[in-house]
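Hydrogens, waters and symmetry mates play no part in the numbers below; they use all other heavy atoms, side chains included. Chain identifiers are assigned alphabetically (A, B, ...) following the order of the sequence lines, protein sequences preceding nucleic acid strands; residue numbering begins at 1 within each chain.
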Protein chains: 2
Amino acid sequence: MSNRAAQPALKTPVSANGKRGGNGKARDQEQNIEIGLDGLVGHAGYAVRRFQIWIFQDFIRTLAAVDIKPTQYSVLTVIGANPGLSQMAVAKRLGIERARLVHLLDSLEDRKLVRRVQSRTDRRSHALHLTARGEASLRQFKLLAAEHERHVAEKIGAENREQLLRILAPFT
Amino acid sequence: MSNRAAQPALKTPVSANGKRGGNGKARDQEQNIEIGLDGLVGHAGYAVRRFQIWIFQDFIRTLAAVDIKPTQYSVLTVIGANPGLSQMAVAKRLGIERARLVHLLDSLEDRKLVRRVQSRTDRRSHALHLTARGEASLRQFKLLAAEHERHVAEKIGAENREQLLRILAPFT
DNA sequence: AACAATTGTTGTCGTCAACAACAATATTTC
DNA sequence: GAAATATTGTTGTTGACGACAACAATTGTT
């Protein structure tokens with residue numbers, strides 16, 4: 001080793017390799033050898049993190065043709081189901097910051113899926129609506145999202161998916 | 001409105017407010033009014049994302065005194081259970097990029113919890129080991145992590161937590 | 001009228017995943 | 001055994017994201 005800046009690597013240049021070195025001369029593919037997780041199994045957070053990465057990747061892949069990411073989909077869905085909401089209300093409902101929602105809506109408005117209409121009752125806030133194009137698009141997105149959901153069911157089993165939705169319902 | 005740069009807001013300055021505007025003159029606290037999620041309920045990804053945010057925040061809060069984040073904990077746990085692993089093997093096992101593991105190990109090595117020992121069989125790679133201090137610290141971290149796990153059980157129920165671990169076991 | 005709170009916006013900071021490029025080293029192939 | 005190829009650790013860049021802080025415009029409160 002010791003490439004460009006090798007100081008950290010050379011900090012402890014000596015000492016034994018330790019027993020059970022996974023990559024001894026028997027280099028029968030280290031990645032296939034069982035690497036125990038020890039205390040990590042039994043940790044809900046680790047499993048949930050790995051699962052969340054997988055599920056988001058599948059969502060993005062399944063909706064790649066329409067270029068819609070999970071967060072964008074959630075924003076469109078909430079606006080579609082509750083037209084006229086303010087940005088503040090949408091941000092609170094979805095648990096995203098209003099500062100971040102600004103950019104999300106900028107993008108969706110550029111794509112003519114959402115409109116910011118000035119509210120007559122509160123001149124500070126915007127009433128959010130789907131455009132006609134937005135409503136038509138959302139219908140298509142929902143079909144693709146349903147396909148993604150089928151992927152989830154195939155991956156973990158339909159019954160397990162149902163249980164998972166039931167267990168995590170309080171967080172939605 | 002129209003604050004500093006109000007172009008996007010003024011793009012569509014006119015048009016009706018739309019029917020069913022959630023925030024009519026009856027401003028009885030918009031945030032308390034039920035905001036439907038429509039298609040979002042029934043989406044595993046959304047529930048998992050919200051849950052994952054909650055569980056990571058609790059982990060970080062519970063281990064704030066020792067300043068250990070979930071990823072750092074996972075790295076320490078795997079090295080502790082499999083001393084001598086290469087960085088590549090750890091990265092693959094935990095599903096993190098080797099580029100990112102470099103910084104994680106830099107930090108852990110600065111804190112004298114981990115050592116990079118040069119492998120004698122492959123001079124490119126490092127054999128990762130916990131220091132004596134690292135092993136002692138990890139024992140303490142595991143106690144705190146177990147406390148965090150109890151928080152999870154309180155939040156979703158012990159039986160639900162068990163089911164969740166069983167359902168998501170394939171992803172660990 | 002004076003003061004505090006809210007809404008949308010902009011900006012910064014730190015974390016993280018996904019790449020690309022590179023030097024050193026190991027492995028394969030002729 | 002030399003040349004081509006692959007791997008390992010490292011550095012850097014990019015973009016998505018959460019957490020803040022500051023601000024102008026507006027609303028609500030006293």
Next on the checklist: Could you tell me how far apart A:Gln72 (CD) and D:dC17 (P) are, to the nearest whole angstrom?
Outcome noted: 8 Å

Checklist outcome for this item: By nearest-nucleotide position on DNA chain C, the 5'-leaning member of B:Gly95 and A:Arg98 is A:Arg98

Item to check | Spacing between B:Glu109 atom CD and D:dG9 atom C1', to the nearest angstrom | outcome: 13 Å

Item to check | Whole angstrom value for the distance that separates P of C:dT6 from NE2 of A:His126 | outcome: 19 Å

Next on the checklist: I'd like to know whether B:Lys155 forms a side chain to side chain contact (heavy atoms under 4.5 Å, CB included) with B:Ile55, so could you lay out the CA-CA distance, the side-chain angles of the two residues, the decisive distance to 0.1 Å, and finally the verdict.
Outcome noted: CA-CA 10 Å; B:Lys155 182 73 173 179; B:Ile55 205 169; over 6 Å; no

Item to check | Spacing between A:Asp122 atom CG and C:dA5 atom P, to the nearest angstrom | outcome: 17 Å

Next on the checklist: Given D:dG9, D:dA19, D:dC17, identify the nucleotide with an atom nearest to the side chain of A:Glu97.
Outcome noted: D:dA19

Next on the checklist: Students often get this wrong, so: under 4.0 angstrom with heavy atoms, is B:Arg100 touching a base, only sugar-phosphate, or nothing?
Outcome noted: sugar-phosphate

Next on the checklist: I want to verify a distance call: between D:dG9, C:dT9, C:dT7, whose nearest atom is closest to the A:Ser125 side chain?
Outcome noted: C:dT7

Next on the checklist: Rounded to whole Å, please give me the gap between CZ in A:Arg116 and P in C:dT7.
Outcome noted: 16 Å

Next on the checklist: Can you identify which nucleotide, out of D:dT11, C:dA26, D:dT26, has its nearest atom closest to the B:His103 side chain?
Outcome noted: D:dT11

Item to check | Shortest side-chain distance from B:Gln87, nucleotide among C:dG8, D:dG9, D:dT7 | outcome: D:dG9

Checklist entry - Is there a donor-acceptor contact under 3.5 Å from the side chain of B:Glu149 to the main chain of A:Ala44? => result yes

Item to check | Nearest-neighbour nucleotide for the A:Arg123 side chain, D:dT27, C:dC19, C:dT9 considered | outcome: D:dT27

Item to check | Length of the line joining A:Leu101:CG and D:dG18:P, which is rounded to integer Å | outcome: 11 Å

Item to check | Residue pairs, two or more places apart or on separate chains, that pass ring pair (Phe, Tyr, Trp, His ring centres under 6.0 Å) and touch residues 88-123 of chain B | outcome: none

Checklist entry - Between C:dT7, D:dA16, C:dT25, which nucleotide has the shortest distance from any of its atoms to the side chain of A:Lys69? => result D:dA16

Checklist entry - In residues 48-63 of chain B, which residues come under 4.0 Å of DNA chain D by heavy atom? => result B:Arg49, B:Gln57

Checklist entry - Atom CD in B:Glu109, atom NE2 in B:His126: separation rounded to 0.5 Å? => result 8.5 Å

Checklist entry - CG/B:Leu94 to CG/B:Leu101 distance, rounded to the nearest 0.5 angstrom? => result 8.0 Å

Checklist entry - From the list C:dT9, D:dT11, D:dC17, which nucleotide is the closest neighbour of the side chain of B:Val102? => result D:dT11

Checklist outcome for this item: From the candidates C:dT10, D:dT27, D:dT11, the one with an atom nearest any side-chain atom of A:Arg124 is D:dT27

Checklist entry - Under 4.5 Å between side-chain heavy atoms, hopping through other hydrophobics if needed: is there a path connecting B:Val66 to B:Val78? => result yes

Next on the checklist: From CG of B:Leu85 over to P of D:dG9, roughly how many Å is that when rounded to an integer?
Outcome noted: 11 Å

Checklist entry - Can the ring centroids of B:Phe51 and A:Phe171 be said to lie less than 6.0 angstrom from one another? => result yes

Next on the checklist: Can you measure B:Gln118 atom CD to C:dA26 atom C1' for me and round it to whole angstrom units?
Outcome noted: 15 Å

Checklist entry - For B:Leu168 and A:Arg50, what are the C-alpha separation, side-chain angles and deciding distance, and is it a side chain to side chain contact (heavy atoms under 4.5 Å, CB included)? => result CA-CA 9 Å; B:Leu168 300 184; A:Arg50 298 296 299 258; over 6 Å; no

